[in-house]
Colleague: 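Please read through the structure below; I'll follow up with questions.
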Amino acid sequence: MLDIKFVRENQDAVREAMENRNASWDAARFSELDESRREAIQQEEALQAERNTLSKEIGKMMGAGQKDEAEAVKERVRAINDELSGVSARREAVDGELRAMLMSVPNMPDATTPVGADENDNPEVRRWGTPRDFAAEGFEPKAHWDLGPELDIIDFDRGVKLAESRFYVLGGLGARLERALISFMLDQHVARGYKEWWVPALANAATLTGTAQLPKFEGDLFKTTGGLYLIPTAEVQLTNLHAGEVLDASQLPLKYCAFTPCFREEAGSAGRDTRGIIRVHQFSKVEMVKYATPETGFAELEAMVEDAENILQKLELPYRVISLCTGDIGFSSAKTYDLEVWLPCYNDYKEISSCSCCTDFQARRANIKYRDPDSFKGSRYLYTLNGSGLAVGRTMAAVIENYQQPDGTIRVPDALVPYMGGVTVIEPEAVVTA
RNA sequence: GGAGGUAUGGCCGAGUGGUUGAAGGCGGCAGUCUUGAAAACUGUUAGGCCGCAAGGUCUCGUGGGUUCAAAUCCUACUACCUCCGCCA
């Protein structure tokens with residue numbers, strides 16, 4: 001949520017930001033609501049003040065035995081209360097509409113976020129590694145949706161049987177590879193100063209509102225009959241861990257990571273990425289979240305991207321970093337870098353991580369503040385950041401495709417061998433020795 | 001699932017329907033004393049919103065209700081605790 005005072009005092013900047021984001025913004029309606037809200041508050045509080053004063057007088061009169069005088073004043077207060085209920089109702093209505101309006105407005109893009117209309121305007125920041133030249137090696141690379149079933153490590157049909165379309169099953173070394181990737185990623189992040197967490201896979205509406213999946217994107221979420229939601233990312237839980245808290249500046253930055261399953265309806269993506277394990281209803285992800293001061297927030301974003309890159313580098317997977325433009329960054333984000341891994345089946349780079357600095361946008365929603373007595377009085381909203389480190393399913397697809405061999409087997413990246421029980425090649429005869 | 005109990009400020013804990021935003025203690029901060037520290041003593045110590053300000057208003061788990069007036073009464077919900085039952 002944007003700061004209402006900021007919106008009031010920076011109307012031109014907000015208008016421009018929302019244009020750059022392709023987000024609708026009714027500046028006139030905002031001003032109208034903002035003004036009538038403040039007016040209604042003043043009316044309401046004036047009436048409350050009068051009521052409070054008279055009530056105290058009644059108390060004194062009762063103590064002094066002036067029953068009749070007190071009764072007269074009571075009558076006046078009743079009249080005030082009648083008027084007050086109307087004023088309060090109006091204030092609540094205006095307040096609710098204004099709040100709903102602010103809750104549906106995305107974050108202000110940072111000044112360094114490139115201006116652009118859509119994903120085609122995302123500038124590339126850097127590349128790492130070189131995609132394999134399969135032609136030079138003399139064979140046509142297969143897609144993971146072919147290699148997986150052939151090696152009996154991914155089973156799409158049974159996933160559909162057990163659940164529905166866009167679910168899959170991993171078996172044998174496929175399941176082992178999933179577990180290896182999760183452990184490897186967590187170990188890497190923990191070694192780089194992140195605290196590991198284990199969190200619920202379900203969250204309530206308040207939690208989802210804190211990170212802004214709600215109210216606007218409810219359709220993207222799976223919901224239980226009890227009113228809980230399946231989390232679409234551990235960002236939700238890690239960012240809300242400190243909801244309603246005031247942290248001490250000396251604690252910051254906090255660096256958290258967690259593995260969780262992630263659940264997405266993918267309601268609006270019918271027909272996109274229908275093959276393989278790229279876009280599915282349930283996938284594993286290791287997530288990184290940071291709580292930082294405004295002063296260090298964007299430097300922490302750069303460091304977080306490097307932490308995500310570290311995984312790809314250790315796995316020796318070619319990737320590139322792109323900076324999302326204003327038209328493509330997420331709702332909560334002020335600045336986002338995406339990591340895109342090389343996938344031979346697409347003959348292109350495909351998103352595998354998204355790292356964002358959400359400034360104080362989520363902190364204001366989730367009410368997360370920090371104190372720094374040496375720098376300022378009271379408390380202020382801190383900055384939250386989140387990034388994938390990485391999406392496990394897509395990493396598995398990248399490993400399978402980039403490490404495939406002419407005979408249809410898959411070499412295990414060196415970094416994963418210790419996590420794969422000593423297996424160096426995924427093949428039907430592979431033997432796990434550890 | 002059944003029965004009972006509890007919910008107050010950073011923490012502990014008092015609170016009779018009426019200057020109670022809330023006693024007291026601990027902790028924190030500032031000071032006195034001291035060469036310094038400790039101890040002792042003194043003072044101070046929630047937040048949101050509206051307002052240029054003065055000031056006002058709201059907040060005692062959450063939401064309703066009663067009343068001129070609610071931390072205090074009623075009610076629903078939520079969380080926690082105890083006992084019983086069941087269970088990875």
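The chains referred to below are lettered A, B, ... by the order of the sequence lines, with proteins before strands, and numbering in each begins at 1. As the structure is a prediction and not an experimental result, all values here were calculated from the model.
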Colleague: Among side-chain atoms of A/Glu235 and A/Thr211, is any donor-acceptor pair under 3.5 angstrom?
Modeller: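 Short answer, no.
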
Colleague: Checking side-chain polar atoms at under 3.5 Å, does A/Tyr229 have a donor or acceptor matched by the opposite partner on A/Glu218?
Modeller: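 Yes, side-chain donor-acceptor contact under 3.5 Å.
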
Colleague: Say whether A/Asn204 and A/Thr207, considering side chains only, have a donor N or O and an acceptor N or O under 3.5 Å apart.
Modeller: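 Yes.
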
Colleague: Does this structure show an ion pair linking A/Arg158 with A/Asp155, if we count only N-O contacts that are shorter than 4.0 Å?
Modeller: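 Between A/Asp155 and A/Arg158 there is a salt bridge, with a charged N closer than 4.0 Å to a carboxylate O.
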
Colleague: Can you tell me if the side-chain N/O atoms of A/Arg78 get under 4.0 Å from OP1 or OP2 in B/C68?
Modeller: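 Yes, such a contact exists.
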
Colleague: Between B/A23 and B/C60, how far apart are the P atoms? Round to whole Å, please.
Modeller: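 Approximately 15 Å lies between the P atom of B/C60 and that of B/A23.
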
Colleague: Counting only Watson-Crick pairs (N1-N3 plus N6-O4 or O6-N4) and G-U wobbles (N1-O2, O6-N3), all under 3.5 Å, who is the partner of B/G85?
Modeller: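 Checking every strand shown, B/G85 finds no partner, since no pair has both distances under 3.5 Å.
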
Colleague: In whole Å, measure the gap between the C1' atoms of B/A70 and B/C58 for me.
Modeller: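 So the two C1' atoms sit 14 Å from each other.
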
Colleague: Determine which nucleotide pairs with B/A30, using a 3.5 Å limit on both distances of a Watson-Crick or G-U wobble pair.
Modeller: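 Its partner is B/U42.
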
Colleague: Determine: side-chain N/O of A/Arg51 to OP1/OP2 of B/C58, distance under 4.0 Å, yes or no.
Modeller: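 Result: yes.
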
Colleague: Measuring only the P atom in each nucleotide, how far is B/G48 from B/G43? A whole number of Å is fine.
Modeller: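 About 28 Å, rounded to a whole number of Å.
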
Colleague: Verify the distance criterion only: is there a donor paired with an acceptor across the side chains of A/Asn107 and A/Ser332 at less than 3.5 Å?
Modeller: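 No, no side-chain donor-acceptor contact under 3.5 Å.
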
Colleague: Would you say A/Asn52 places a side-chain N or O within less than 4.0 Å of OP1 or OP2 belonging to B/A69?
Modeller: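 Negative; the distance criterion is not met.
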
Colleague: Could you state the atom-to-atom distance from CD of A/Glu50 to P of B/G55 in whole Å?
Modeller: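 Going from A/Glu50 (CD) to B/G55 (P), I get 20 Å.
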
Colleague: Would you say a side-chain N or O of A/Arg76 is under 4.0 Å from OP1 or OP2 of B/C68?
Modeller: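 It does not, given that no N or O in the side chain of A/Arg76 lies less than 4.0 Å from OP1 or OP2 of B/C68.
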
Colleague: With a 3.5 Å limit on both atom pairs, tell me what B/U35 is paired to, counting Watson-Crick and G-U wobble, or say none.
Modeller: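 With both distances under 3.5 Å required, B/U35 matches none.
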
Colleague: For A/Glu83 and B/C68, give me the distance from atom CD to atom P, rounded to whole Å.
Modeller: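 In whole Å, B/C68 P and A/Glu83 CD are 17 Å from each other.
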
Colleague: Determine the Euclidean distance between corresponding C1' atoms of B/G28 and B/G10; express it in Å to zero decimal places.
Modeller: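 To the nearest whole Å, 8 Å.
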
Colleague: For B/C49, which nucleotide in any strand shown is its Watson-Crick or wobble partner with both distances under 3.5 Å?
Modeller: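 When the pairing criteria are applied, B/G56 turns out to be the nucleotide that pairs with B/C49.
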
Colleague: Answer with base, sugar-phosphate or nothing: what part of the nucleic acid does A/Leu54 contact at a heavy-atom distance below 4.0 Å?
Modeller: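 A/Leu54: no heavy atom of the nucleic acid under 4.0 Å.
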
Colleague: Write down the partner of B/C80 under the Watson-Crick or G-U wobble criteria, each distance required to be under 3.5 Å.
Modeller: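 WC or wobble partner is B/G5.
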
Colleague: So that I know where these two stand, are A/Tyr370 and A/Phe376 an aromatic pair - ring centroids less than 6.0 Å apart?
Modeller: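 That pair passes the under 6.0 Å test.
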
Colleague: Check this one for me: any side-chain N or O of A/Lys369 less than 4.0 Å away from OP1 or OP2 of B/G48?
Modeller: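 So the side-chain polar atoms of A/Lys369 do come within 4.0 Å of the phosphate oxygens OP1 or OP2 of B/G48, strictly under.
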
Colleague: I want to verify a distance call: between B/G18, B/G51, B/G48, whose nearest atom is closest to the A/Ile58 side chain?
Modeller: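 The listed nucleotide nearest to A/Ile58's side chain is B/G18.
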
Colleague: What integer number of Å spans the C1' atoms of B/G9 and B/G64?
Modeller: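 Going atom to atom, C1' in each nucleotide, I get 25 Å.
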
Colleague: Let's see if you can work this out: which of B/C50, B/G56, B/C68 has an atom nearest to the side-chain heavy atoms of A/Arg38?
Modeller: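 Among B/C50, B/G56, B/C68, the one nearest the side chain of A/Arg38 is B/C50.
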
Colleague: Can you tell me the Watson-Crick or wobble partner of B/G18, both distances under 3.5 angstrom?
Modeller: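 WC or wobble partner is B/C68.
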
Colleague: Could you work out which one of B/C49, B/G56, B/C58 sits closest to the side chain of A/Gln48?
Modeller: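 Closest nucleotide to the A/Gln48 side chain: B/C58.
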
Colleague: Taking the side chain of A/Ala49 as heavy atoms from C-beta outward, which of B/C68, B/G56, B/C50 is closest to it?
Modeller: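 Looking only at side-chain atoms, A/Ala49 lies closest to B/G56.
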
Colleague: Between C1' on B/C68 and NZ on A/Lys67, what's the gap in Å once rounded to a whole number?
Modeller: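 Roughly 14 Å, once rounded to whole Å.
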
